[in-house]
Amino acid sequence: MLSKIVRTVTNEFMLFIVVFGLYIIAHGHLTPGGGFQGGAVIVSGVVMLLVAFNSQELKKTLSERVLSIMESTGALIFIALAFAGIGAAFFYNFLVGTPILGRIPATGPNPGDIWTGGVIPLMNLAVGLKVVAGLSAVVLALALFSSGEEMEE
Amino acid sequence: MIESPSGFWGPVVWIIAAIVALLIAYFIQRRGEKAYKKGVQSETFLMGNPKLSEGETHIRAHNIYWGFFEGLKKYYVPTITAHTGIINDHLIWLIAGIAIVMIILFVAGGI
Amino acid sequence: MEHIPLNFPFLAAALLVGISLYILIFKKNLIKLIMGIAMLAAGVNLFLVSLGFRAGGAAPIYTNVTEGPMVMPVPQALTLTSIVINVAVLALMLTMAIHIYRHTGSLDSEKSRKMKG
Amino acid sequence: MAALITHSPILIIAIPLLAAFLTLPIGRAGGKARNVLVIASLAFVEFLVIILARDIYLNGIHIYTLGATSPELTLPGGAMVPIRIILEVDAMSIFMGIIWATVSLAAAIYSLSHMARETGQNRFYTLLLLMVAGCFGMIFTGDLFNLFVFLEIASISGAALIAFRTRFADAVEGGFKYIVISAVAGLIFLFGVGLLYAQYNSLNIGFLANAMQYSTLDIIALTLFLMSLTIKTGMVPLHMWYPDSYTVAPANITAMLVITSHACMYAVFRICFSLYGITLDATTVGWIIVIIGLLTMFVGVTMAVFQTDVMRFMSYHAISQMGYMWMGVGVGLAVLGNPEALATYGRDAISGGIFHILNHAMYKPLLFMTAGALFHRTGTRDLNKMGGLGHNMKFTLILYIIGTLSIAGIPPLNGFASKFLIYESVYQFNPVLAVVAMLVSIITLASFTKAFQSAFTGPQLPEYKDVKEVPKPMLIGMGILAAGIIFTSIFPGLIVERIVNPATDALINQAAYVNGIMGGGMP
């Protein structure tokens, strides 16, 4: 447990990291980034929290149950999106051309239109959710290992 | 029935032949000494040594093929010592294997 | 050096793989072995990324596409997947190294082994 | 039904993946529901594999492009390079698919009671289903990088399953060795994929086979592929990690890991026959594989005779049996050059090797499961401590005898059928190989009688007085494999004609494989 100042600053700062991570995930199909990179940014925030608070404190909020639920929902959304395109083929991008996220991107230099890409942004969000849950579970488990306990089943 | 370059393998034919052979053996056994009773034979004669308990009479696994290993000692000692459990040795074998196969392929390719 | 020779990244990749092979062979400590594998992964990934290099090509981001050639995006996707896989493999190896240390009290690949022959 | 068949290649991979991530939420509801989910999903996958097999035997190679407007579209818009990940399932892939589906179903049923006392069972079944999906992906994919990704998925979940019982020190060490070897092998494989991508700018096996000129870079790539995949199958000089990992895993996981090493062997065959085909220097590569097979057979079985730990003993046997497959298919590859030798004995050698994969995939998991049953009841793997277990473990005794007779190649059972094919055809290629193969069979029989004598026969030891038979699911799991062995032993002709020969032809016929990709383009 670091000093009170550090703890309050990390609490405030965590918000910006999560927003920046979500930005990277959401714009995955426009600018460099995507599910894994955005998730990794958010997990760097979780590591910062882990440094500020010791692993027992963090275990109360990011308990093993919360993490496994997040991970399962992320994976199930991803596979459901993949299955939804089964009409044509497995990973078929069925949202292209439809009003949801379906606009055709303009070619040539343009600021980029987020409402394009069909299924890809949704898949990025699902992968981001799963990566945040997975990597923070890894980081938390390693921290708990070194301090002797196990993550309870 | 599998065909092969110089023969065939028919399991059904083989099983029938085996049954016929067993029947013949059974008939020969039937003509044996009738007077023999199953339970008459007494305990095995151990030259007066004390009767061993259940555990000792059972030959354990490590000394069943003792002679085989003794005979092939010159082959077994180096192979078993080569099987160190160290991961680094396993990776040395891998890298040596890649080098050897690459040399063979280049030399063969070159000729 | 105003113009870096084309196969400079391949040299760097070969160097990385060479050093990691040295580590894999000679370093007995398990954690150093894991670092060796991470370095091998970095070498292979650098090799993969530098495959898509086109001289004077722009980054393959379609929104601010400039006239002129573009760098190949496929090797970058391959490298990304390979990095993700290596994160999972490293995490698994580290947890197992901790378990081995906890069971045998030593991280030396010679002293901590239980099975041989 | 027709839609189910067209989409079956990806469904076979996606359904275990879906079930893997469903086990966690459903597992919270209750163990029973999770077990039903696992077995139901694997049974459905088995059904899908059977209908896909029927469809392939009727009308040839089955293509599936992920994400295209229609599954068969491999060259969209008349492009010359196949785009997207393409699953290509030909007779050889579905042959491995049938094996993998049956063995994973049997192993899952076996693990219901074998792992009943373990904690964290939800995660066990998640990892098991991930390994099933990974190995199916390795078997069905037609894309080299996709093969690397599925290889890694199967390796990571396999290593985690090996080290599942973290309370045993050697289990964690076995898992660590498995993951280190798999990581290094995967990265070396990736280096080879990079080499090929650098020259031909594509990852699809069909396209690469079409454009292959066997340049020096391709030779280097071939060695990297060959060595990185054969270390995963336990080739002799590189096999020393194999017994350490396969001894300590739970018995059903070892049974499945043997089949993942078969899948790695399948990948070597796919690379040698379909990717390189006639362009590679067939005699040299063939002879390398034959010598690998010879070494693997001999060293594997001589080390096996020496062991006293029952699981380690059987892992060494798995290595030595792989030698038969290497030798069979290696001879076929060596004569790939001259068609007349190929016709007389080359094709029989390959079908002998592939038939041996099928037989080995049935009796080796059965033997590992019987060893697991012994461990389940006596709590030890050391043969020196066992004795007289035949008295009260009757079914395990019968199943063990079936497995032993089959692995040693005793006439009526299926081991003999495939070894017979290998002996006959390999003898024509070079008599020494057949002589060594028979010698190894004799030593195999000798070593299994040793294990049989020390574990099952002999007086009933006092400490195993109250040992009961293994619970029902374990017997069902073993029973499925024993039934498969008996069926293959009585009708080998049917199996060879219907399943093995199409697989051999699919392997030899590289043009059909390439045409499946390049010919499949629609505007």
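Quick note: numbers below take in every heavy atom, side chains included, and nothing from hydrogens, waters or symmetry partners. Below, read A as the first sequence line, B as the second, and so on, with proteins coming before strands; counting in each chain starts at 1. Computed from a predicted structure; not experimentally measured.
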Contact class of D:Ile188 relative to chain B, heavy atoms under 4.5 angstrom = side chain
Relative to chain B, which segment of D:Ser425 carries a heavy atom at a distance below 4.5 Å: side chain, backbone, both, or neither?
-> both
How far does CG of D:Leu238 sit from CD1 of B:Ile95, to the nearest 0.5 angstrom?
-> 10.5 Å
Can you say whether D:Leu280 sits under 4.5 Å from chain B via the side chain, the backbone, both, or neither, judging by heavy atoms?
-> neither
Do B:Ile87 and D:Phe176 have side-chain heavy atoms sitting under 4.5 Å apart?
-> yes
Cut-off 4.5 Å, heavy atoms of chain D, and the answer for B:Leu91 is side chain
Relative to chain B, which segment of D:Tyr427 carries a heavy atom at a distance below 4.5 Å: side chain, backbone, both, or neither?
-> neither
Under a 4.5 Å heavy-atom cut-off, does chain B meet the side chain of D:Met235, its backbone, both or neither?
-> neither
Which portion of D:Ala451 sits near chain B, non-hydrogen atoms under 4.5 angstrom = neither
Rounding to 0.5 Å, atoms OG (D:Ser228) and CD1 (B:Ile98) come to a distance of 7.5 Å
Start with the C-alpha distance between B:Phe69 and D:Val305, add both sets of side-chain angles, then the distance that settles side chain to side chain contact (heavy atoms under 4.5 Å, CB included), and finish with yes or no.
-> CA-CA 9 Å; B:Phe69 305 137; D:Val305 178; 3.6 Å; yes
Kindly indicate, with the supporting measurements, whether the criterion side chain to side chain contact (heavy atoms under 4.5 Å, CB included) is fulfilled by D:Thr223 and B:Ile104.
-> CA-CA 10 Å; D:Thr223 25; B:Ile104 293 172; over 6 Å; no
Examine whether an atom of D:Ile181 lies under 4.5 Å from a heavy atom of chain B, and if so say whether it belongs to the side chain, the backbone or both; otherwise answer neither.
-> side chain
Of D:Tyr345, D:Phe491, D:Phe306, the largest count of non-hydrogen pairs under 4.5 angstrom with chain B goes to D:Phe306
Heavy atoms of other groups near D:Glu463 CD, more than 12 under 6.0 Å | yes
Pair B:Phe106-D:Ile220, side chain to side chain contact (heavy atoms under 4.5 Å, CB included): steps then yes or no | CA-CA 9 Å; B:Phe106 274 121; D:Ile220 298 171; 3.7 Å; yes
D:Gln307 portion near chain B, given a 4.5 angstrom heavy-atom threshold | neither
Which atoms form the tightest heavy-atom contact between D:Pro492 and B:Pro11, and what is the distance?
-> CD-CG, 3.3 Å
Nearest heavy-atom contact between D:Leu224 and B:Met102 is CD2-CE, 4.4 Å
Which residue out of D:Leu421, D:Asp382, D:Thr283, D:Thr344 racks up the most heavy-atom pairs below 4.5 Å with chain B?
-> D:Leu421
Counting only heavy atoms closer than 4.5 Å, note whether D:Thr216 contacts chain B via side chain, backbone, both or neither.
-> both
So, the part of D:Leu413 with a heavy atom under 4.5 Å from chain B: the answer is neither
Verify, without hydrogens or angle tests, whether D:Lys177 (side chain) and B:His90 (backbone) share a donor-acceptor contact under 3.5 angstrom.
-> no
May I ask you to test the B:Phe68-D:Lys450 pair for a side-chain heavy-atom distance under 4.5 Å?
-> no
Residue, of D:Gly458, D:Ser489, D:Ala446, that accumulates the most heavy atom pairs under 4.5 Å with chain B | D:Ala446
Contact origin within D:Asp244 toward chain B - heavy atom pairs under 4.5 Å = side chain
Between B:Tyr76 and D:Thr302, does any side-chain donor sit less than 3.5 Å from a side-chain acceptor?
-> no
What part of D:Val180 is in contact with chain B, defined as an atom under 4.5 angstrom from a non-hydrogen atom: side chain, backbone, both or neither?
-> side chain
Can you tell which of D:Leu226, D:Ile490, D:Leu494 has the highest number of heavy-atom pairs within less than 4.5 Å of chain B?
-> D:Ile490
Any chance you could lay out the side chain to side chain contact (heavy atoms under 4.5 Å, CB included) test for B:Ile2 and D:Phe355, step after step, and finish with the verdict?
-> CA-CA 11 Å; B:Ile2 320 177; D:Phe355 190 26; 4.1 Å; yes
Do the ring centers of B:Tyr75 and D:Phe298 come within less than 6.0 Å of each other?
-> yes
Mind telling me whether B:Trp9 and D:Phe420 have parallel, tilted or perpendicular rings, with 30° and 60° as the class edges?
-> tilted
Ranked by heavy-atom pairs below 4.5 Å to chain B, first place among D:Met240, D:Met303, D:Lys385 goes to D:Met240
